[in-house]
Protein chains: 2
Amino acid sequence: MDRRQQKTRAAIFQAFSALVSEKNYSRITVQEIIDRANVGRTTFYAHFETKEDLLKALCGELFGHILASAQDITHTHGLYSDGSAPESIFCHLLQHLQENDGNILGLLSGESSELFLRHFKDSLRELIRTQFIAQSRKANLNLPRDFLVNHICGNFVEMVLWWIRGGRTQTPAELDRYFRAVIEPVV
Amino acid sequence: MDRRQQKTRAAIFQAFSALVSEKNYSRITVQEIIDRANVGRTTFYAHFETKEDLLKALCGELFGHILASAQDITHTHGLYSDGSAPESIFCHLLQHLQENDGNILGLLSGESSELFLRHFKDSLRELIRTQFIAQSRKANLNLPRDFLVNHICGNFVEMVLWWIRGGRTQTPAELDRYFRAVIEPVV
DNA sequence: TGCAATAGCGTACACTCTGTTCGTTTTTAT
DNA sequence: ATAAAAACGAACAGAGTGTACGCTATTGCA
């Protein structure tokens, strides 16, 4: 990919990302984005069809990274090669979030967090479906499998949102404990 | 309130509600709303400042009803006057939803369900905070109270969404069982 | 019933935002 | 060095927003 394209794309992503953490998505105009990104109008539309297209592309980029790294974790550590328990997927995700790559925390604390959450949930659901559900103790409660997947996914995302909105006063490890407490109560 | 105002308000609500179940909120124009509601442009703006204001008003109306009726339930049946367990708040809410007053199901199955869910959650959180949490078995797991409130609220809303998106093939009683299974596992 | 108050109507308008066109300049890869 | 590709900026049509204004129809009340 042409170096100019990379720069332009990155500049637009960054400008858009900053704007979304500042004000509601619906009130952000293309004009504001290109002003802040310092690119021409024509250039913007050469990269993205609409503002919504930009949103989608940004989500793909952000959540693609995070989820891919979570996939890696399960593949790398899933075999208990050293005898210890593998790091929880969720703990890993939380730590990744805390690093705030690409201003994810900003996006999720802004007014338009729902827009990002939808994408986040969709990606996460897929991960849980394939990687996690087999381990869950609730799998034997005679509940539909897709209900459980949705339940766990929803719980995680709600927790993350609660965490961010509360100023992130808990460590990922603490949060992971909360999460396990509600998801996997010891029977 | 003037009879004309009532009719206008109702017509706008109905038109808007129908549109939201058909297409994305962001792509609905005031023009479409007033065409379908068959009212003049000026009239619309005499009732609502913006489209967003309309959304807010509609949410207030819808969730106000549902939540108020849930409050009643807890006050009426909360005392175990006949010795039997009171009807679950959640079961009651589910039944109420199933009646589809004001096309709530349409709104929650449309593309813009997130917008309504935000309001729904906010109202529900308040209800749970005051009415339900004391009964929860998880209250003694050493978790922050507001975390638990958020958790229960989020679970319920996610379940409702899952239910609607799956074509509502479960009865409220079944759903209530699912919900209790994940929220209140017998220890 | 009659009447003042009020709600609604329709047209028109200024304004903002969108998405595209086109000719020109700059940067890139080779 | 050069041809291809990308970015630029100005300008534009089209759509949507929110307001103003003069007129008509309905309502609540005396």
Side-chain angles (χ1 to χ4, degrees), chain A residues 1-61 107 110-112 114-116 118-119, chain B residues 1-61 102 107 110-112 114-116 119:
Chain A
M1 195 193 223
D2 195 311
R3 203 174 303 156
R4 288 169 294 180
Q5 286 191 58
Q6 293 176 35
K7 284 183 188 172
T8 297
R9 195 177 160 88
I12 291 177
F13 274 157
Q14 189 169 352
F16 178 59
S17 164
L19 282 167
V20 171
S21 14
E22 287 170 23
K23 59 196 291 194
N24 196 294
Y25 169 80
S26 65
R27 282 190 277 275
I28 295 172
T29 68
V30 172
Q31 194 60 52
E32 288 176 298
I33 300 172
I34 65 181
D35 282 350
R36 194 173 296 209
N38 201 27
V39 300
R41 188 166 195 72
T42 326
T43 304
F44 176 89
Y45 283 107
H47 282 258
F48 305 100
E49 285 186 16
T50 62
K51 194 178 63 164
E52 213 173 319
D53 188 31
L54 166 58
L55 172 68
K56 215 168 147 186
L58 179 58
C59 286
E61 196 116 327
L107 303 178
E111 276 186 74
S112 311
E114 289 90 0
L115 294 174
F116 295 93
R118 182 171 47 194
H119 288 264
Chain B
M1 193 192 223
D2 194 309
R3 203 175 301 155
R4 287 169 294 180
Q5 286 191 59
Q6 292 176 36
K7 284 183 188 172
T8 297
R9 196 176 159 89
I12 291 176
F13 274 156
Q14 190 170 352
F16 178 59
S17 164
L19 282 166
V20 172
S21 17
E22 287 170 23
K23 59 195 294 192
N24 195 293
Y25 169 80
S26 65
R27 282 190 277 275
I28 296 172
T29 68
V30 172
Q31 193 60 51
E32 287 176 299
I33 299 171
I34 64 181
D35 282 350
R36 195 174 296 209
N38 201 27
V39 299
R41 188 165 195 72
T42 326
T43 305
F44 176 88
Y45 283 108
H47 282 258
F48 305 100
E49 285 186 16
T50 61
K51 196 179 59 163
E52 213 172 320
D53 188 33
L54 166 59
L55 171 68
K56 216 168 148 185
L58 178 58
C59 285
E61 196 117 328
L107 302 178
E111 276 185 76
S112 311
E114 287 90 0
L115 294 175
F116 296 92
H119 288 264

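Every chain is numbered from 1 and lettered A, B, ... according to where its sequence line falls, protein lines coming before strand lines. Keep in mind that the numbers below use all heavy atoms, side chains included, and drop hydrogens, waters and symmetry copies.
With rounding to whole Å, A:Gln6 atom CD is found 17 Å from D:dA5 atom P. In this structure, CD1 of A:Ile28 is placed 16 Å from C1' of C:dT16, rounded to the nearest angstrom. For the pair A:Ile34 CD1 and C:dC17 P, the computed distance is 11 Å after rounding to whole Å. Here the P atom of nucleotide C:dT20 and the CD atom of A:Gln31 are 16 Å apart, to the nearest Å. In this structure, B:Arg9 places its CZ atom 16 Å from C1' of C:dG8, rounding to the nearest Å. Rounded to whole angstrom, the span from the CZ atom of A:Arg27 across to the P atom of D:dG16 amounts to 20 Å. B:Arg41 has its CZ atom 13 Å from the C1' atom of C:dA14, to the nearest Å. B:Phe48 has its CZ atom 17 Å from the C1' atom of D:dT17, to the nearest Å.
Note that CD of A:Glu114 and CZ of A:Arg118 are 10.0 Å apart. Values are rounded to the nearest 0.5 Å.
Base-pairing analysis of DNA chain D finds the following stems of at least three consecutive Watson-Crick or G-U pairs, with both pairing distances under 3.5 Å: C:1-30 with D:1-30.
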The contact string for nucleotides 21-30 of chain C, one letter per nucleotide 5' to 3', using protein heavy atoms under 4.0 Å with B, S and - for base, sugar-phosphate only and none, comes out as BB---BBSS-
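Smallest separation of non-hydrogen atoms from A:Ile12 and A:Phe48: CG2-CE1, 3.8 Å. Closest approach of A:Ile33 to A:Ala15, counting heavy atoms only: O-CB, 3.8 Å. Summarising the geometry of A:Gly40 relative to A:Ile34, their closest heavy-atom pair is O-CG2, 4.3 Å, with the distance given to 0.1 Å. When every heavy atom of A:Gln5 is checked against every heavy atom of A:His47, the shortest pair comes out as O-CE1, 3.6 Å. Across every non-hydrogen atom of B:Thr43 and B:Thr8, the tightest pair is CG2-CG2, 3.5 Å.
Between C:dA7 and B:Thr43, no contact under 4.0 Å exists linking OP1 or OP2 to a side-chain N or O. Contact between the side-chain N/O atoms of A:Tyr45 and the OP1/OP2 oxygens of C:dT20 is not found at any separation under 4.0 Å. A sub-4.0 Å separation between OP1 or OP2 of D:dA6 and a side-chain N or O of A:His47 is absent.
Of the possible polar contacts, one joining the B:Glu32 side chain to the B:Thr29 backbone as a donor-acceptor pair under 3.5 Å is found. Counting only distance, with no hydrogens or angles, the side chain of A:Glu61 and the backbone of A:Leu58 share no donor-acceptor pair below 3.5 Å.
Comparing B:Lys51 and A:Asn38 by the nucleotide of DNA chain D whose heavy atom lies nearest to each, the residue mapping closer to the 5' end is A:Asn38.
At least one cation-pi condition fails for B:Lys51 and B:Phe16: the charged atom is not both under 6.0 angstrom from the six-membered ring centre and inside a 45 degree cone around its axis.
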